[in-house]
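One structure is given below, encoded as structure tokens.
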Amino acid sequence: MLTDKHIDIIKSTIPLLENAGPALTGHFYQRLFSHNPELQDIFNMANQHSGRQQVALFEAIAAYAKNIENLAALTTAVERIAQKHTSFNIKAPHYAIVGHHLIETLRELASEAFTAEVEEAWTAAYQFLAQIFINRETELYQQRAETLGGWRDGRAFTVIDKVVESTLVTSFVFMPVDDKPIIGFQPGQYLGIEVSDPSREFKEIRQYSLSNKANDQTYRISVKREKNEVPGIVSNYLHDEVHIGDNINLYAPAGDFFFNDRQAPVVLLSAGVGITPMQAILETLAQQSYNHPVQYLHACENSEQHSFDQRTTELIKQNNWQQHIWYRTEDVSQQHIQQGMMDFTKIDLPIEQGDFYLCGPIPFMQFAKQQLLTLGVTASNIHYEVFGPHADL
């Protein structure tokens, strides 16, 4: 049980956490994988190498400590993390392992300050928060399992189509091996996909946005081939090694970013592969014959990297919506396409009434959100999705 004394002690250790910074979570993960290497089947090790996961965990721990008397302030974060955990198939026993290594990390990095009272307080605080997550994730697992077409844990699907959408993005369409119905989803949500590469010791789980409207037979994801200094393990494996007829394990659709129908104007803003959840929203709005204005804004490098171009233009024309496209490195003489960076100044946006959905690289979303706020858009009407560990814009 979390007592007032525990809360006071947790608050007193906030400076200790801030001084330690992400080094604390870096040590934690090193310890975790050293003692429990099997958890590399669950954690995205690419985010470990980039440092994004360490930063995200540190920020979450610090936010919990600072809001321990006002946990309602963390409701959105808890829902986002719980949704992501279900796509990794996180279960209650995992929390006990993580809690043990968190307490041991605090003991090892702050031995003088980590008294018995501090240990008791942090143990109680961790167990309290862990139970919140366990309860919510149990609800999500149960809801999905009991819904028509739903399931628990992984489910085998067959790749029935593989379509090149642009030079970097390829779509994969999945149908369940058992030929039974599949659960629906909200446009904007993602699938958990499990890859077992025979050349690697551990399996990999990633999340990819669903890129089409929901139906009861198939799912579609659209995956960018990551060509960074450290190439994307899963994205390149999917592009090169996964073919029509192959089977793969999927986890039920999840995610707290999705289209929320307020019967208001909608603006979809994306850059690069951030186009994928926007395509699901656009297809859904078209299916519904959405009777409010829709504006579709997208930025990418050039026409060769512009995914879904023909399909998007078709939907826009059919529904008398608007689209504005920017190619950073290519000048294309079409009315709705401009060269350069995304620019809101010449577009009549629904500043007061509209809902704005953002997805793309973090710098792009930071730029877009700040521009929207400057124009007068209410922060609560700006919704965004960060691929990978969450980051505040």
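FYI, side chains are in, hydrogens and waters are out, and symmetry mates aren't considered; it's all heavy atoms of this structure.
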Q: Answer yes or no: is there a donor N or O on one side and an acceptor on the other, between the side chain of Asp41 and the main chain of Lys203, under 3.5 Å?
A: yes
Q) Can you hop from Ile103 to Phe28 via hydrophobic side chains spaced under 4.5 Å? A) yes
(Q) With a 3.5 Å distance limit and no angle check, can you tell me whether His6 reaches the backbone of Thr3 through a side-chain donor-acceptor pair? (A) yes
Q: Ignoring hydrogens and angles, state whether a donor on the side chain of Glu314 or Gln310 is under 3.5 Å from an acceptor on the partner side chain.
A: no
Q: For the pair Asp161 and Arg220, find out whether any cationic side-chain nitrogen is under 4.0 Å from an anionic carboxylate oxygen.
A: no
Q.
If you count every heavy atom of other residues, nucleotides or ligands that lies below 6.0 Å from Phe128 atom CZ, does the total exceed 12?
A. no
Q | Spacing of Leu250 atom CG and Ile221 atom CD1 [to the nearest 0.5 Å] | A | 7.5 Å
Q | Pairwise side-chain contact, Leu285 with Gln288, heavy-atom cut-off 4.5 Å (strictly under) | A | yes
Q. Going only through I, L, V, M, F, W and Y residues with side-chain contacts under 4.5 Å, is there a path from Leu238 to Val173?
A. no
(Q) When you group the ILVMFWY residues by side-chain heavy-atom contacts below 4.5 Å and let the links chain together, are Phe258 and Tyr296 in the same group? (A) no
**Q.** Ile10 backbone acceptor or donor facing Thr13 side chain under 3.5 Å
**A.** yes
Q) Between Thr147 (side chain) and Gln143 (backbone), is there a donor-acceptor pair under 3.5 Å? A) yes
Q: Report the distance from atom CD1 of Ile351 to atom CZ of Phe356, rounding to the nearest 0.5 Å.
A: 5.0 Å
Q) Does any N or O in the side chain of Gln295 come within less than 3.5 Å of the main-chain N or O of Asp348, such that one atom is a donor and the other an acceptor? A) yes
Q.
Within the structure provided, determine whether Val223 and Val234 are in side-chain contact (heavy-atom separation under 4.5 Å).
A. no
Q. Is the side chain of His100 donor-acceptor paired with the backbone N or O of Ile97 at a distance under 3.5 Å, no angle test?
A. no
Q) Among the clusters formed by ILVMFWY side chains lying less than 4.5 Å apart, do Val163 and Leu210 turn up in the same one? A) no
**Q.** Validation row: Met341, Arg328 side chains within 4.5 angstrom (heavy atoms)
**A.** yes
Q: Check the angle between the aromatic planes of Tyr29 and Phe33 and answer parallel, tilted or perpendicular using the 30° and 60° thresholds.
A: parallel
Q.
Under a plain distance cut-off of 3.5 Å, with no hydrogens placed, do Ser303 and Glu330 share a side-chain donor-acceptor pair?
A. yes
Q | Residues Thr312, Leu282; criterion side-chain contact (heavy atoms from CB on, under 4.5 Å); working and verdict | A | CA-CA 8 Å; Thr312 300; Leu282 195 70; 3.8 Å; yes
Q: May I ask you to decide if Glu226's main-chain N or O and Asn236's side chain share a donor-acceptor pair within less than 3.5 Å?
A: yes
Q | Ile160 versus Met175, closest heavy-atom pair with distance | A | CG2-CB, 3.8 Å
Q: Of all the heavy-atom pairs spanning Arg262 and Gln353, show the shortest one and how long it is.
A: NH2-O, 3.1 Å
Q | Aromatic ring pairing Tyr290/Phe259, orientation class (parallel under 30°, perpendicular over 60°, tilted between) | A | perpendicular
Q. Ser270 side chain to Cys359 main-chain N or O, any donor-acceptor pair under 3.5 Å?
A. no
Q.
Hydrophobic clustering (ILVMFWY, side-chain heavy atoms < 4.5 Å, transitive) - are Tyr190 and Phe308 grouped together?
A. no
Q. Do His85 and His94 touch side chain to side chain, with heavy atoms closer than 4.5 Å?
A. no
(Q) Using a 3.5 Å distance criterion without hydrogens, assess whether the side chain of Lys162 forms a donor-acceptor pair with backbone atoms of Val242. (A) yes
Q.
Counting the benzene-type ring for Trp, do Phe364 and Trp326 have ring centres under 6.0 Å apart?
A. no
Q: Please assess Leu140 against Gln83 for the test side-chain contact (heavy atoms from CB on, under 4.5 Å), listing each intermediate value before the final yes or no.
A: CA-CA 8 Å; Leu140 291 171; Gln83 292 278 348; 3.7 Å; yes
Q. Side chains of Gln338 and His324: do they bring a donor and an acceptor to under 3.5 Å?
A. no
Q. Does the Gln189 side chain pair with the main chain of Gln186, one donor and one acceptor, at a distance under 3.5 Å?
A. yes
Q) Quick one: are Thr105 and Phe114 in side-chain contact, heavy atoms under 4.5 Å? A) no
Q. Do the side chains of Lys11 and Glu69 get nearer than 4.5 Å, heavy atoms only?
A. yes
(Q) What I want to find out is whether Glu165 reaches Arg311 closely enough, with some N-O distance under 4.0 Å, to be called a salt bridge. (A) no
Q) Can a donor-acceptor pair be found between the side chains of Gln142 and Glu146 at a distance below 3.5 Å? A) yes
Q. Can you name the closest pair of heavy atoms from Asn212 and Ala280 and give their distance?
A. O-CB, 3.6 Å
Q) Which pair of non-hydrogen atoms, one from Val159 and one from His243, has the smallest distance, and what is that distance? A) CB-O, 3.6 Å
Q: Kindly assign one of parallel, tilted or perpendicular to the pair Phe157 and Trp151, based on the angle between their ring planes and the thresholds 30° and 60°.
A: tilted
Q | Tyr95: which of Glu137, Gln127, Gln131 passes side-chain hydrogen bond (donor to acceptor under 3.5 Å, both in side chains) | A | Glu137
Q: Return the minimal non-hydrogen interatomic distance between Thr276 and Ser222, and the atom names on each side.
A: CG2-O, 3.5 Å
Q: Starting from the C-alpha separation in whole Å, work towards a yes-or-no answer on side-chain contact (heavy atoms from CB on, under 4.5 Å) for Lys66 and Glu18.
A: CA-CA 11 Å; Lys66 292 176 180 179; Glu18 292 178 334; 3.1 Å; yes
Q.
Angle between ring planes, His239 versus Phe172, binned at 30° and 60°: parallel, tilted or perpendicular?
A. perpendicular
Q | Nearest heavy-atom neighbours spanning Tyr208 and Ile193 | A | CD1-CG2, 3.4 Å
Q) Which of parallel (below 30°), tilted (30 to 60°) and perpendicular (above 60°) describes His306 and Tyr327? A) perpendicular
**Q.** From CA spacing to verdict: side-chain contact (heavy atoms from CB on, under 4.5 Å), Phe257, Arg80
**A.** CA-CA 8 Å; Phe257 170 82; Arg80 181 180 63 246; over 6 Å; no
